[in-house]
Protein chains: 2
Amino acid sequence: MVNENFTATEQKIIEAAQLEFSEKGLSGARMQSIADKAGINKALLHYYYRSKDKLFEVVFKMLFRSIIPRVEEILNKEIDLFEKIRIFVETYINLIQSSPQIPMFIMHELSSNPKRLSQMVALAGLNVEKSPLKKQLDELIASGKIRPIEIEQLMINILSLCIFPIVAKPISMTVLYNGDEKAYQQMIEMRKKSVAEFVINAIKNTDYEELT
Amino acid sequence: MVNENFTATEQKIIEAAQLEFSEKGLSGARMQSIADKAGINKALLHYYYRSKDKLFEVVFKMLFRSIIPRVEEILNKEIDLFEKIRIFVETYINLIQSSPQIPMFIMHELSSNPKRLSQMVALAGLNVEKSPLKKQLDELIASGKIRPIEIEQLMINILSLCIFPIVAKPISMTVLYNGDEKAYQQMIEMRKKSVAEFVINAIKNTDYEELT
DNA sequence: ATATACCTTAACCAATTAGTTAAACTGACT
DNA sequence: AGTCAGTTTAACTAATTGGTTAAGGTATAT
């Protein structure tokens, strides 16, 4: 996850910081605690990253930059849309599951400081309107194979279904499963397949076969 | 929103605190800032609520208790499932839209302190498995009108689709709409109808009419 | 060998901030 | 007139915490 001409110590720091920031947020995080987690001392921590804010900036940008390419790669692949949705959902849920605090971290900090994002998006060069995915989607709609839907709505629907249940783990686990961790994990596991089918059914045009 | 044998000052405090906690989280919130927002002074703030933690507890519980009953009410109504989904989605998105920081607030604080929730759920007496909604859903599945789906999965899907786009406003607005606030608002507006149709299409059994 | 980059210890400063206290004011109710 | 809850002002404390500094340790490379 962490790489890119970083020394071992820098890596330890970044990982520790990522964990601490995810758990506590920017204001809740403690430099001492980050140092402890990284197995170093506060002086060294400041030796590498002048201030908490600078460190935060680095961690945040790195995370963001590590996610976007993976998403784009799948979305612009030249495969059948339904297959693409299946692969995306499975890959993405796995990704979030492997570091479940990250979406919360990103969302929370962006929500208290929205400016942070704009530069990064510009930097990442994202543009949904001009993506191959949009073209693919529009063709399928034109041919009547799927119901009309805007690409933005489809994307946000898929992302919602993947991210929310994991970000809101305490809520879903407690409210839906009375705190049963296993039942919750089982649900997430099922979702790696079921979310894609849910989405596909939602957009598939059922009149199509008759029309052909 | 705030009520329940509170004096005017208490109400002002609660409202101010809710706002501050939502924006900044527990650790980021400042008692002085809450006092300012409430138009009172710090001494009086502490006069009413001994400590930041106590105040937080009160605000948090209140919010939680104000949401659950509204959700339950709709879900247990005796109306057609599809109609119920339509009403729920519209009502719920409106609810979140009117105080968009609240879900983030709840999610973030639960995520850094999951224990908080268990008591509250017990207190609210929620039980999805025994809800009228589950009975209704199972009957429709048995009759073949809708595809098999667990009530937990359906619920989390609906909640995801309603909550996430609003909680993740900075992300969706920036990434999907290049920061265009109006386009974003328009999307949310559309979702009040489209999410329900999306869900209904996803679960509706298309073979049903032929079978009848 | 000595310079240089990395690292530790430990003490320290300055700022922020939760929470307290005391003294005084206000207005309603008795 | 007097009591009392609610309120203000302002000064204070005690703790936390971000950040600094100085002195010294260790390795590797030149």
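Below, chain A is the first sequence line, B the second, and so on; all start at residue 1.
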* Contacts of type ring-ring contact (aromatic ring centres under 6.0 Å, His included), residue F82(B), not counting sequence neighbours -> none
* With sequence neighbours left out, what residues match F164(A) under ring-ring contact (aromatic ring centres under 6.0 Å, His included)? -> none
Polar-atom pairs under 3.5 Å, protein N or O versus N or O of nucleotides 27-30 of chain C: list them with distances, or write none.
none

* Structure fact -> Across all chains, not counting sequence neighbours, the salt bridge (charged side-chain N to carboxylate O under 4.0 Å, His left out) partners of K42(B) are none
So, OP1 or OP2 of [N]: does either fall under 4.0 Å of a side-chain N or O from [X]?
| X | N | result |
| --- | --- | --- |
| T9(A) | dC7(C) | yes |
| Y47(A) | dC7(C) | no |
| R30(B) | dA18(C) | yes |

* Structure fact -> Rounded to whole Å, CG of L55(B) lies from C1' of dT17(C) at a distance of 15 Å
* Tell me, which of residues 36-46 of chain A have any heavy atom that sits under 4.0 Å from an atom in DNA chain D? -> K42(A), A43(A), H46(A)
* To do: Give me the first and last nucleotide of DNA chain D, going 5' to 3', that has any atom under 4.0 Å from a heavy atom of chain A.
  => dT17(D) to dT21(D)
* Decide yes or no for Q101(B) and L19(B): does some side-chain heavy atom of the first lie under 4.5 Å from some side-chain heavy atom of the second? => yes
* Would you call the rings of F21(A) and F105(A) parallel, tilted or perpendicular, where under 30° means parallel and over 60° means perpendicular? -> parallel
